[in-house]
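Scroll down for the structure; my scribbles are underneath it.
Per chain, numbering begins at 1; letters A, B, ... match sequence-line order.
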Number of protein chains: 2
Amino acid sequence: MKIPDSNIVRCSECPIRHRAVCARCDDDELGILEGMKSYRTFAAGDPILWRGEELVYVASVVSGVATLSKTMEDGRTQMVGLLLPSDFIGRPGRQEIDFDVTATTDVTLCCFSRRPFEKLVDETPHVAQRLMELALDELDAARDWMLLLGRKTAREKVATFLEMLARRSRNPDADGTQHEMTLPMTRDQISNYLGLTLETVSRQLNALKNDKIIAFIDRRNFEVLNLAALHDATGDDNDGGMIS
Amino acid sequence: MKIPDSNIVRCSECPIRHRAVCARCDDDELGILEGMKSYRTFAAGDPILWRGEELVYVASVVSGVATLSKTMEDGRTQMVGLLLPSDFIGRPGRQEIDFDVTATTDVTLCCFSRRPFEKLVDETPHVAQRLMELALDELDAARDWMLLLGRKTAREKVATFLEMLARRSRNPDADGTQHEMTLPMTRDQISNYLGLTLETVSRQLNALKNDKIIAFIDRRNFEVLNLAALHDATGDDNDGGMIS
DNA sequence: CATAATGATTGATCTGGATCAAGGAAAGAT
DNA sequence: ATCTTTCCTTGATCCAGATCAATCATTATG
């Protein structure tokens with residue numbers, strides 16, 4: 001998978017400043033970790049980390065999409081995060097996680113051993129600062145998602161999801177025009193992200209299609225025909241957006 | 001309001017190590033900020049911060065309960081956080097917030113000016129580290145709440161809320177026995193926290209009462225009669241808990 | 001190329017929780 | 001003590017989205 005330009009822009013602010021993701025980072029702090037860097041690939045559906053497992057690595061997503069999810073004893077599951085290229089996996093100062101990390105498409109991660117990475121963080125304040133920013137970004141995203149899960153209608157949920165995808169995958173040099181986009185997960189996985197059932201997701205996607213807001217190229221690929229109408233359908237107000 | 005012992009314990013790990021909350025902190029790092037310390041009180045219902053407002057202060061809750069909430073244009077609101085005594089308000093490195101902070105009971109905050117506080121954070125790595133821990137704790141809590149909002153039934157939501165209150169307000173020297181507890185907010189506010197309506201909250205509270213899991217002293221005060229049954233009603237598994 | 005297997009759609013029905021509506025209880029205010 | 005106001009409860013009804021049930025499309029497999 002080609003890494004979109006948008007991710008390179010995003011990565012320029014990244015504490016990892018990862019060569020695989022960011023073209024500008026040849027001279028960055030992580031040079032000292034170069035020897036410990038390793039790429040790992042996961043096939044779609046593969047578990048990347050299980051809940052409770054010890055975090056041996058921190059990583060950044062190079063390509064593909066991974067999800068964070070929680071599962072109840074009776075099988076109900078709720079995704080609590082989406083990891084797109086340039087996103088960071090790791091919890092400074094923590095050994096464990098309380099959710100599963102799963103590859104939803106084929107995923108390539110670039111991993112560093114946790115120990116030397118944390119040593120780096122301790123020694124370089126601005127990296128620590130950047131990690132704090134990332135944590136606060138995640139917290140903001142989680143809170144936006146709480147509003148979605150608690151109060152939005154099915155249509156608003158689906159529209160919000162599509163708008164988020166459009167925002168994160170938009171090519172910045174494209175002048176507002178939307179291009180073909182890919183749903184990075186199945187209807188079932190989307191429903192677990194949105195707190196819905198897969199049938200409802202399917203119906204709402206078709207409703208948006210019938211309203212000429214989106215068009216499907218095939219089941220996984222679609223185009224946004226009317227970005228303004230899509231935004232109206234999210235229920236969000238005009239200024240404040242997700243993951244600002 | 002007397003500050004429960006449990007909060008003093010909690011506060012011993014707090015970066016703020018606030019005298020008002022923590023008896024052990026006479027000699028802590030915040031001595032240098034002593035001159036800028038100020039107590040502020042808010043009556044129940046008062047706004048503490050509006051969305052978009054500039055954060056001039058960071059603060060810790062000394063007494064009372066405050067909430068973080070998001071509101072949609074049409075009035076639907078979702079609480080995205082609950083602030084109990086010893087909790088911290090502030091976003092290191094950030095000027096703004098994207099939610100409202102409101103006092104739900106009378107609240108006393110202990111405030112520091114943001115600038116000197118951030119200077120302190122920059123200069124003392126372990127304070128920065130502790131703030132990162134707090135941010136990750138909040139993130140974990142937010143993700144647990146996402147599971148609640150997206151997948152739990154009304155009964156599970158209400159039971160989870162009560163169990164969380166019991167955990168956070170339990171007096172540690174009490175040997176498992178539950179004492180009288182207080183609902184820190186109205187049915188309407190609880191419904192906004194749980195993604196329900198106030199009628200549903202009322203009905204579920206009464207259902208738990210009828211099941212002899214809780215008993216009401218009056219509308220705002222209750223007792224947990226059967227903590228195990230309350231836990232069963234949350235839908236959570238036995239080990240992993242909220243806000244660990 | 002037939003044949004599973006997986007994922008998506010579409011329809012019919014059901015139901016948990018929302019909505020609408022009417023009192024009741026407690027706490028201030030006059 | 002009476003009147004408001006605010007908060008809570010309880011009942012009746014409704015409906016968005018869940019559930020149940022086929023069927024279809026697409027991709028993998030022998």
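- Rounded to a whole Å, the CE atom of B:M185 is 16 Å from the C1' atom of D:dC8.
- As rounded to whole Å, 9 Å separates atom C1' of D:dC8 from atom CG of B:N206.
- If you measure from atom CZ of A:R220 to atom P of D:dT26, you get 14 Å, rounded to the nearest angstrom.
- A:M79 has its side chain out of reach of A:L194: every pair of non-hydrogen atoms, C-beta onward, lies at least 4.5 Å apart.
- Rounded to whole Å, the distance from CG on B:N210 to P on D:dT9 is 12 Å.
- Between A:Y193 and A:W145, the angle of the ring planes stays under 30°, which puts this pair in the parallel group of the 30/60° scheme.
- Between the CG atom in A:N221 and the CG atom in A:L183 there is a gap of 7.5 Å [rounded to 0.5 Å].
- The separation between A:L149 atom CG and D:dG17 atom P is 13 Å, rounded to whole Å.
- By the 4.5 Å heavy-atom criterion applied to side chains, A:Q78 and A:L149 are counted as neighbours.
- Between the CG atom of B:L208 and the P atom of D:dT9 there is a distance of 12 Å, given to the nearest Å.
- Neither OP1 nor OP2 of D:dT6 sits under 4.0 Å from any side-chain N or O of B:R187.
- Atom CZ in A:F216 sits roughly 14 Å away from atom C1' in D:dA25 (whole-Å rounding).
- A side-chain hydrogen bond (donor to acceptor under 3.5 Å, both in side chains) with B:K70 holds for exactly one of B:D98, B:D100, B:T77, B:N192; it is B:D98.
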| remark: Contact string for nucleotides 11-30 of chain C, one letter per nucleotide 5' to 3', B = base within protein heavy-atom range under 4.0 Å, S = sugar-phosphate only, - = neither, reads BB----SSBB---BS-----
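- Nucleic acid contact for B:D218: none, since no nucleic acid atom lies under 4.0 Å from a heavy atom of the residue.
- Taking the side chain as every heavy atom from C-beta outward, A:L162 and A:L208 approach each other to under 4.5 Å.
- Computed from coordinates, the A:F222 CZ to C:dA8 P distance equals 14 Å when rounded to whole Å.
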